[in-house]
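Chain naming here is simple, since letters A, B, ... match the order of the sequence lines and numbering starts at 1 in each.
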Number of protein chains: 2
Amino acid sequence: MTGNSPDFTVSLRAAGLRPTRQRVALARVLFEGGHRHVTAESLHAEVKATRMPVSLATVYNTLNQFRDAGLLREVVVAPGRSYFDTNTGHHHHFFVETDGELHDFPSDEVTIAGLPAPPEGTKLSRVDVIVRVRR
Amino acid sequence: MTGNSPDFTVSLRAAGLRPTRQRVALARVLFEGGHRHVTAESLHAEVKATRMPVSLATVYNTLNQFRDAGLLREVVVAPGRSYFDTNTGHHHHFFVETDGELHDFPSDEVTIAGLPAPPEGTKLSRVDVIVRVRR
DNA sequence: CAAGAACCTTAGAATCGTTCTAAGTATTTG
DNA sequence: CAAATACTTAGAACGATTCTAAGGTTCTTG
Ligand SMILES: [Mn+2]
Ligand SMILES: [Mn+2]
Ligand SMILES: [Zn+2]
Ligand SMILES: [Zn+2]
């Protein structure tokens, strides 16, 4: 290792994934710097700009594997397109409907009181709050 | 008029839509009886069962027109599929991830406190709360 | 109640985001 | 290093949705 960047080789192996060139390149784009919200297409465009060739199929495969490994979370805000979120902690979203932007806000400032009990025979998985706004 | 069913001709005209055979048939399936959550495919199957032939393209057109007219609301809970909701009032949803079911719960029992201000230059459109549960 | 204008429905093609297939390539293991 | 295993990829396939363009329905006006 020659730089000071996080060692994605380690976290990929820890997730049970071989640290291939493509996955390391994608991890760098995703996890270096602050939290991100990407689509497969936007991530593909970004990684191509680093001159590391990665196919769109691999971007899809990798996003799904990272999500399954808990490195990413999938956020559903608009029909027909998936967003992937590098922030896997508890938080909620502003969705700017007019331009498709997604912004985090912390869930610890928000209180949700009076939620009814889940339907018979089900257990809670997650509570998503999406605040839709427009410009 | 021979029955006691609501006059969908009137509400369609009020929405600026001609009360065609197809739209009236779809309105009956959607709005007679209690609130519904449908997909284009599920609604198409239901209306076909009434022996009134309606193409899938018309189901899509009509759902979009009803949504634009405020008769329906679109709910995004899962990637790759749109749900349409006949309940246009304030309320939130349970989504049973394991079988794709959507259930309402009233928003007046729920309190959401501490929401941050919308990003600069945006105004609030709607707050969606989706409680995801699994069997 | 014409008859034209406006609007609507539809089959089938097209599009879009995503997944699959299968053949070649990289990574790991011993 | 060789064999085993996992990965990447082009291109085909897919499922949901939208579009096109041609024929049918509904509305308006006299
Ligand atoms: Mn997926
Ligand atoms: Mn739509
Ligand atoms: Zn986020
Ligand atoms: Zn509802």
B/His44 (side chain) donor-acceptor with B/Val54 (main chain) under 3.5 angstrom: yes
N/O donor-acceptor pair under 3.5 Å between A/Ser107 side chain and A/His90 backbone: yes
Whole angstrom value for the distance that separates P of D/dA6 from CG of A/Asn64: 19 Å
A/Tyr60 side chain near C/dT19 phosphate (N/O to OP1/OP2, under 4.0 Å): no
Crowding at CZ, B/Arg135 (>12 non-hydrogen neighbours, <6.0 Å): yes
5' precedence on DNA chain C between B/Pro53 and A/Asn61 (nearest-nucleotide basis): B/Pro53
Spacing between A/Arg81 atom CZ and C/dG17 atom C1', to the nearest angstrom: 8 Å
Whole-Å gap separating C1' (C/dC20) and CD (A/Gln65): 14 Å
Rounded interatomic separation in angstrom, taking CD from A/Glu41 and C1' from C/dT19: 14 Å
Separation of atom CG in B/Leu12 from atom C1' in C/dT9, rounded to whole Å: 15 Å
Non-neighbouring partners of B/His91 that pass ring-ring contact (aromatic ring centres under 6.0 Å, His included), sequence neighbours left out: B/His93
More than 12 heavy atoms from other groups under 6.0 Å of CZ on A/Arg126: yes
Residue whose nearest DNA chain D nucleotide is more 5′ - A/Leu17 or A/Leu56: A/Leu17
Rounded interatomic separation in angstrom, taking CZ from A/Phe66 and P from D/dC7: 11 Å
Rounded interatomic separation in angstrom, taking CE from A/Met52 and P from D/dT9: 7 Å
Main-chain N/O of A/Pro19 paired to A/Arg13 side chain as donor or acceptor, under 3.5 Å: no
Residue list, side chain to side chain contact (heavy atoms under 4.5 Å, CB included) with A/Glu97, at least two apart or on another chain: A/Phe95, A/Arg132, A/Arg134, B/Ser125
Pairs under 3.5 angstrom, nitrogen or oxygen only, protein versus nucleotides 26-29 of chain C, please.
residue: C/dT27; atom: O2; partner: A/Arg18; partner atom: NH1; Å: 3.2
residue: C/dT28; atom: OP1; partner: A/Arg13; partner atom: NH1; Å: 2.6

OP1 or OP2 of C/dT9 under 4.0 Å from side-chain N/O of B/Arg23: yes
